[in-house]
Number of protein chains: 2
Amino acid sequence: MKGKEISSVENINSHIEEIENHAKIAVSVDCVIFGYDMEELKVLTIECNMDPYKGHPSLIGDLLDEGEDLDQAANRILKERTGIDNLYLEQIKTFGKVDRHPLGRVITVTYFALVKKADYNSNGMRPSPNSQWIALSQIEEMAFDHLTITNVALDTLRKKLLEYPIWMKLLPIDFSLPELQNLFENIIGKPLDKRNFRKKILSLDIIQESGKKQKDVPHRPANLYRVNQKKLKKEYSFLLKNPFHN
Amino acid sequence: MKGKEISSVENINSHIEEIENHAKIAVSVDCVIFGYDMEELKVLTIECNMDPYKGHPSLIGDLLDEGEDLDQAANRILKERTGIDNLYLEQIKTFGKVDRHPLGRVITVTYFALVKKADYNSNGMRPSPNSQWIALSQIEEMAFDHLTITNVALDTLRKKLLEYPIWMKLLPIDFSLPELQNLFENIIGKPLDKRNFRKKILSLDIIQESGKKQKDVPHRPANLYRVNQKKLKKEYSFLLKNPFHN
DNA sequence: TCAAAAGTGTTCCAGTTACACCCATGA
DNA sequence: TCATGGGTGTAACTGGAACACTTTTGA
């Protein structure tokens, strides 16, 4: 029996092909925007007004424009919705189930972004009235496949958190070690030993004492730290700017 | 000064919007197909016949069809090009620079796949004549942004390799520890200590002696091992089937 | 002076690294 | 008997985990 040849040779990657006549598809970019208010990790959502998901929170996103790169689109969306430019963002995954959106076929490229909540609240912009921060622990359902997306984003964040000091993108300039530990516990989802946590973080040499202390707390005030910029530049320079990986 | 409201409320995720009239875009799925022939890690490529990349190797891919899920498309492409169904595959990243493809705008969702080369060679299919396996060490240029994609795939593979025994997807049923070590060294890119490597792998309890030995080698024949199916089922069941993460 | 949370060191264990010689086979 | 690569154990080191008391502030 003579072997059949594997597939034809014609291919988008090898030969000229009629791209114009081929199926084109709507592509959206959705962002899982994380913020941390010294208590809980939250996600910025907008209320969905579309059957069958009416009333459910959905992620922040938009359709990709013709002449727009993916990272550009993510940045545009973040700027539009938070008022902040150049947020830390990273592509997560692309979701493309045929029936994932009730309006028709839309595949979505997803990103996660990290926002300092103080910036969000104090830029002179008024958030759109039907958007809100929801604590991760409070999220039960979301529109479309957005709960799945949020969970994948959280997994990604968890992993990155242990590899790189991206937590700094969620914190104000001055922060305390207990606040940082709480952030970690929130994201990782389990309590950490205080002494071991401090030892670990301080050994990284990525933060330094600011000299300041907490004020007006009904207990011993914590020392405030800030990021060691030298170390940051030397070892994590990609955290200094918005990384365009594309 | 009264705060300006952030963005309008209308949005693909919140309100009904004219999807039909919005920009639609060609979407392709490209696969970085890895194979290992007991010597080197290789990638399956096809020769590009399109200016300005004529003659360069490119990845295996195709345009996404209207009613096709992303993972489905990846599977279809792999089946078409390798003759094998249900290969191990995982989504890597989506690349969407506006000018990445000379035929027009095409964003590409990329996957990596792992093939046992013996399967590829012995399924009665004749590979298409202009496709070939290229050793990673030999790859210098590729068409489009495929070199970038391949490098990202390799990074992903490197990380996964240390976390899960996905290397089994590259090896024949019976394999020796020196072969496995060589595979690791090939992917990680540096030599490993023989004793430590064996200790580590054997302690995972994921392989067991098959009782067989290498034949016709001009030196002491190595013991052949195979995967411990019980352990595999218990701890890595996702390796038993093609994982549809979407 | 009390309540509340901040800050601080040491010991133990497990996993990783470094390292050198004998063994089985075919030629 | 030689050349070639296969197979084996131990000691030192490193990083993580467990764990309890003292300090500082505001009320």
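Reminder, nothing fancy here: chain letters follow the sequence lines and each chain counts from 1.
Between B/L177 atom CG and C/dC23 atom P the separation is 20 Å, expressed in whole Å. Following rounding to the nearest Å, A/L202 (CG) and C/dT8 (C1') show an atom-to-atom distance of 11 Å. Here the P atom of nucleotide C/dG26 and the NZ atom of B/K213 are 11 Å apart, to the nearest Å. At whole-Å resolution of the value, CG in B/D193 and P in D/dG7 are 15 Å apart. Between B/E179 atom CD and D/dG6 atom P there is a gap of 9 Å when expressed in whole angstrom units. If you take CZ of A/F175 and P of C/dA6, they are 15 Å apart, rounded to a whole angstrom. Taking atom OH on A/Y225 and atom P on C/dA6, their separation rounds to 12 Å, with Å as the unit. In this structure, A/Q181 atom CD and C/dG7 atom P are separated by 11 Å, rounded to whole Å.
The side chain of B/R195 has C/dC19 as its nearest neighbour among C/dT16, C/dC19, C/dA18. Residue B/N223 has its side chain nearest to D/dG7 when only C/dT25, D/dG7, D/dC19 are considered. Side-chain atoms of A/H219 lie closest to C/dA6 of the nucleotides D/dC19, C/dA6, D/dG9. The side chain of B/P178 sits closest to D/dG7 out of C/dC19, D/dG7, D/dG5. For A/P221, counting side-chain heavy atoms from C-beta on, the closest listed nucleotide (D/dT24, C/dG26, C/dG7) is D/dT24.
With a 6.0 Å radius and a threshold of 12 heavy atoms from other residues, nucleotides or ligands, A/L202 has its CG atom above the threshold.
Within the 4.5 Å cutoff, the side chain of B/N186 has heavy atoms near those of the B/E40 side chain. Inter-residue side-chain proximity for B/K97 and B/D145 is flagged as unmet; no heavy-atom pair is nearer than 4.5 Å.
Between A/R220 and A/N196, the one whose closest nucleotide on DNA chain D sits nearer the 5' end is A/N196. Residue-to-nucleotide proximity on DNA chain C shows that, of A/K199 and A/Q214, the 5′-proximal contact is made by A/Q214.
OP1 and OP2 of D/dG15 both lie 4.0 Å or more from every side-chain N or O belonging to A/K200.
Aromatic ring centroids of A/F95 and A/F144 lie 6.0 Å or more apart.
Using the six-membered ring where Trp is involved, B/Y236 and B/Y164 have ring planes that are perpendicular, over 60° apart on the 30 and 60° scheme.
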